[in-house]
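Below is one structure, written out as structure tokens, with a few remarks after it.
These numbers were taken from a predicted model, which means no experiment stands behind them.
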Amino acid sequence: MARPSSFSSYVAIFTLAFLVIFTSHSSAQLSTNFYSKSCPKVFGAVKSVVQSAVSKERRMGASLVRLFFHDCFVRGCDGSILLEDTSSFTGEQTAGPNNNSVRGFNVIAKIKSQVEKVCPGIVSCADIVAIAARDSTVILGGPFWNVKLGRRDSKTASLSAANSGVIPPPTSTLSNLINRFNNKGLSVKDMVALSGSHTIGQARCTSFRARIYNETNIDSSFATTRQKNCPFPGPKGDNKLAPLDVQTPTSFDNKYYKNLISQKGLLHSDQVLFNGGSTDSLVRTYSSNPKTFSSDFVTAMIKMGDIDPLTGSQGEIRKICSKPN
């Protein structure tokens, strides 16, 4: 007769342990109203700086969206990409996917300065990057979403982690893209929707030279136009820029997908989304239904923002985004 009693005790202990774990886990989750009492002015402070930066240079909006992506894919959305090298670590900024490519650090620094004026020591740099990505999207004509907040900042960064292949290069195959996004908990739909951020921004000649000279699934007049500013072979013209969306390069819309159907994807990793593979149908859907694209993009951005954040007592709230406290 002792067995049922011991079994009941086991169940009770297990249940209690589960509740403790679940409760502590859920209390550390991100929330859209995280700063509603501690820093209600954070959104106005971020938006004013982003608005000013984008009005001076429309491309900066795309750069701030990309900064969020490159932060989240390396060890989670923890602001580590903002850290400059120190005597104790070499950061992510000189890693292959980021070097001479990722931008917007000065804008984030200005935002942090403004936020510190209204509520010092409260808002993380990681959260500022997330809000700035949303504001940039909206300012350029894209959808609005309520950003989940409560991330804390990492105290260190890792060059090797940023170089480890987690960020897909512009030479990626479709299966490579699917796998890398899947490794971060993002579905094929999320991947195709997030790729739609290439409706804004520009790329350097080095990232598309091979495509415009060597690939056959490309519109010939489009390739010829791009070749004029991107000579073969390099390195001449390496840093020449071309718009990722040839139609509306500074407006957030669904033209990116229309370009793919016309074989005018600038990067190899763009055109593989529409090249007789499993993602062709999604590209067609987004090219003909901008509302579906916007909705799926928002869902994917929120999911990406959930990648391994530091919360609770983890990490810190940096005073200056480029260096640990």
Donor on one side chain, acceptor on other, Asp238 and Thr206, under 3.5 Å: no
Minimum heavy-atom distance between Leu140 and Gly61, given as atom pair plus value: CD1-CA, 3.9 Å
Least distance between heavy atoms, Gly237 atom then Pro231 atom: CA-CD, 4.2 Å
Flag, side chain of Asn289 to backbone of Thr285, donor-acceptor distance under 3.5 Å: no
Minimum heavy-atom distance between Ala242 and Arg226, given as atom pair plus value: CB-NE, 3.4 Å
Sole residue of Ser136, Ser197, Ser101 in side-chain hydrogen bond (donor to acceptor under 3.5 Å, both in side chains) with Arg66: Ser101
Minimum-distance pair of heavy atoms, taken over all atoms of Ala132 and Ile108: CB-CD1, 4.2 Å
Shortest non-hydrogen separation from Arg204 to Asn99 and the atoms involved: NH2-O, 4.0 Å
Under 3.5 Å side-chain donor-acceptor pair for Asp245 and Asn259: yes
Any Ser287 side-chain heavy atom under 4.5 Å of Phe274 side chain: no
Lys/Arg-Asp/Glu bridge criterion (N-O < 4.0 Å) met for Arg151, Asp127: yes
Lys184 side chain vs Phe73 backbone, donor-acceptor pair below 3.5 Å: yes
Ser251 side chain vs Asp253 backbone, donor-acceptor pair below 3.5 Å: no
Aromatic contact, Phe252 with Phe297 (centres under 6.0 Å): yes
Heavy-atom donor-acceptor pair, Glu316 side chain to Asn325 backbone, under 3.5 Å: yes
Glu116/Arg318 ion pair, N-O < 4.0 Å: no
Side-chain heavy-atom pair Phe208, Pro170 within 4.5 angstrom cut-off: no
Gln227 and Phe232, any side-chain heavy atoms less than 4.5 Å apart: no
Residue pair Ile167 / Arg180: nearest heavy atoms and the distance that separates them: O-NH1, 3.2 Å
Among Glu92, His70, Gln93, side-chain hydrogen bond (donor to acceptor under 3.5 Å, both in side chains) partner for Ser80: Glu92
Check: Ser88 main-chain N/O paired with Thr86 side-chain donor or acceptor under 3.5 Å: yes
Expected output: side-chain Ser63 to main-chain Gly104 donor-acceptor under 3.5 Å: no
Lys303 atom NZ: more than 12 heavy-atom contacts under 6.0 Å: yes
Short side-chain to backbone donor-acceptor contact, Gln271 and Leu260, under 3.5 Å: yes
Test item: side-chain donor near acceptor, Asn217 and Arg211, under 3.5 Å: yes
Chi angles and distances behind the side chain to side chain donor-acceptor pair (under 3.5 Å) call for Asn33, Ser36: CA-CA 5 Å; Asn33 60 3; Ser36 59; 4.9 Å; no
Polar side chain donor-acceptor pair, Thr173 to Asn176, under 3.5 angstrom: no
Residues, nucleotides or ligands: over 12 heavy atoms within 6.0 Å of Arg59 CZ: yes
Side chain to side chain donor-acceptor pair (under 3.5 Å) between Thr156 and Ser154, worked out: CA-CA 6 Å; Thr156 186; Ser154 64; over 6 Å; no
